[in-house]
Protein chains: 2
Amino acid sequence: MSMMYEGALQDLVEEFGKLPGIGPKSAQRLAFHILQSPDEEVTALASALAEVKKRVKFCEVCGNVAEDAQCVVCKDPRRDRSIICVVEEPKDVIAIERTREYRGLYHVLGGSIDPMAGVGPDDLRIKELMPRLQDAEVTECVIATDPNLEGEATATYLVRLLGALGITVSRLASGLPVGGDLEYADEVTLGRAFEGRRAVS
Amino acid sequence: MSMMYEGALQDLVEEFGKLPGIGPKSAQRLAFHILQSPDEEVTALASALAEVKKRVKFCEVCGNVAEDAQCVVCKDPRRDRSIICVVEEPKDVIAIERTREYRGLYHVLGGSIDPMAGVGPDDLRIKELMPRLQDAEVTECVIATDPNLEGEATATYLVRLLGALGITVSRLASGLPVGGDLEYADEVTLGRAFEGRRAVS
C-alpha cells in the first residue's frame, strides 16, 4: 500500500503492518481504531509494550518467560522436582499449565529441529537440558513437542539422546481430540488412536 | 483466556486483545513477537501510537484526518474546488485518492444512516455539508457512500436533500467489479450491471 496518510497516521499503519498476521487492511483498521480510542487506552497499550521489553526475561533454569532470574514455575516450592516436561516454546508451558494436570517442572527448547529452516539440535536448549536430567532427584522426562513433522523429529532425537540416562522418558498420548467428530479426524490421528487403544472392561 | 502469564506479558496480551479483530490467540502471538523483537522496533511502535494521539486531528473543513487545521486535500491549491465527493469515512478518501481519478474535494460524513444502530442524519456531518455546497464555486456533488444497505439509505436521503440546491448530484456507477468472474457476481450487482449497460458501438 502506497504512502497515502499524513505523517503520524501513516507511521502507525506501517508499524502495525510489521506485526505478524497483520496485513495492510488490518493495519489501517487498527490505526483508525487507535485514532478514535480514548487517550488512556492508547497510553495503556504503549506502556504495556515498553514494560514487556523492560521487565520480561527468560528463566535461567528452564527458559520459560520470567520477570525474575527464575520463572514462576521454577520458583514455586510446591512443584514436583522429579519430573521435567520438555516443550518447544513458552506458550506451550501456558497451554499445559491451563490443564492443571501437571505439577512438575518444564524445559523450554526454544524451537524444534527443522533442517529446512537451518535449525539443528545445537540451536536448541538441549545442552542446558542434560545436566538438569542428570540431577539425582529427576526420575522422568516427558517429551511434549508439537505433534507435527519438526516436533516429531525433535522428540525422536531426544528419545535417542536420553535413552542412556536411566530415567523414564515418556511422550504425550496421541489420539482423537476430545469434543471432535471421529469422521473428521485425519487418518494419522485415527491410526494413532487405534494403536493407543485401551481395554476398559 | 485466564491469567497465566506473569505481570507485564499478561498486561500486553490483554491490551492487544482489546484491539478490533485480535482474538486471544493472536494477542498471545503478538505479545511473544514483541518480546522477541529488537528494542528499537518496539519503541517505534509505542511512539507511533503516542504520536497519532498527539498529532492527528480531523480537518475543520471536510472531516478527513489532518495534522493541521485542514487536511492535505483541502490545503492543496491544485484541487478542483467545484466538485465535492461525499464519503462515509476517512479511509474512503484514501481509497478514492488511490485511484488517481478524482481531483476535487471531499466531505466525510463520519458514518452512514443506520436506524438499527441509532444513527440518524443529525449524527452525521450533513449540516456542515450544506453551506459548502451553497458556495457559488461548487457545481457538482458526488455521493460515494458504501454500496450496502446503510450507504444506500444515506445516499437516498442526500439525493432528496440536495435536489433543491441547483447543482449536479451524481452517484458512483454500480456494476461488475473489474477482475471478478461474472458467474460469481451476486444478482443485485449483476442486475445493476445490466441496468447501467452502455452502448459501445
Side-chain angles (χ1 to χ4, degrees), chain A residues 1-2 4-16 18-22 25-26 28-59 64-68 71-72 89-91 93-95 97-98 110, chain B residues 1-2 4-16 18-22 25-26 28-58 64-68 71-72 75 89-91 93-95 97-98 110:
Chain A
M1 190 150 44
S2 54
M4 278 297 189
Y5 293 99
E6 286 181 79
L9 196 57
Q10 180 65 23
D11 290 348
L12 185 58
V13 171
E14 285 172 10
E15 290 300 329
F16 274 131
K18 289 177 189 167
L19 298 176
I22 310 280
K25 293 255 170 189
S26 302
Q28 181 179 300
R29 196 182 59 232
L30 289 173
F32 273 100
H33 173 84
I34 292 297
L35 186 58
Q36 281 150 4
S37 297
D39 276 359
E40 313 82 71
E41 282 179 27
V42 181
T43 309
L45 174 57
S47 68
L49 286 164
E51 286 297 304
V52 156
K53 293 309 287 183
K54 197 160 55 181
R55 286 169 45 196
V56 184
K57 293 162 183 63
F58 293 95
C59 175
N64 187 15
V65 289
E67 297 206 353
D68 292 322
C71 74
V72 280
E89 303 288 353
K91 41 191 163 227
V93 172
I94 304 303
E97 285 296 285
R98 216 175 279 140
Chain B
M1 189 147 47
S2 55
M4 278 299 190
Y5 294 99
E6 287 181 80
L9 195 57
Q10 180 64 24
D11 290 346
L12 185 57
V13 170
E14 285 171 10
E15 290 301 330
F16 273 131
K18 290 177 190 167
L19 298 176
I22 310 280
K25 294 255 170 190
S26 302
Q28 180 178 302
R29 195 182 60 231
L30 289 171
F32 273 102
H33 173 84
I34 292 296
L35 186 59
Q36 281 151 6
S37 296
D39 277 357
E40 312 83 70
E41 283 180 26
V42 181
T43 309
L45 174 56
S47 68
L49 286 165
E51 286 297 304
V52 157
K53 293 307 289 184
K54 198 161 54 184
R55 285 170 44 197
V56 184
K57 292 159 184 65
F58 294 94
N64 187 17
V65 289
E67 297 207 354
D68 292 323
C71 73
V72 280
K75 278 192 304 191
E89 302 287 352
K91 39 192 165 227
V93 172
I94 305 303
E97 285 296 284
R98 217 175 278 140

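Quantities reported herein were computed from a predicted structural model and do not represent experimental measurements.
- Counting heavy atoms from C-beta outward, A/Leu19 and B/Leu45 have side chains that approach closer than 4.5 Å.
- Closest heavy-atom contact between A/Arg29 and B/Gly21: NH2-CA, 3.9 Å.
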**Asked** side-chain contact (heavy atoms from CB on, under 4.5 Å) between B/Leu49 and A/Phe16: does it pass, once the steps are laid out?
**Response** CA-CA 10 Å; B/Leu49 286 165; A/Phe16 274 131; 4.0 Å; yes
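- Side-chain contact between B/Lys91 and A/Gln28: present, with at least one pair of heavy atoms (C-beta onward) separated by less than 4.5 Å.
- For A/Arg55 against B/Ala8, the heavy-atom pair with the smallest separation is NH2-N, 3.8 Å.
- Of the listed residues (A/Asp11, A/Asn64, A/Leu9), the greatest number of heavy-atom pairs within a distance under 4.5 Å of chain B belongs to A/Leu9.
- Side-chain atoms of B/Lys53 come within 3.5 Å of backbone atoms of A/Ile34 as a donor-acceptor pair (strictly under, hydrogens ignored).
- The shortest non-hydrogen separation linking B/Ala48 to A/Glu15 is CB-CG, 3.9 Å.
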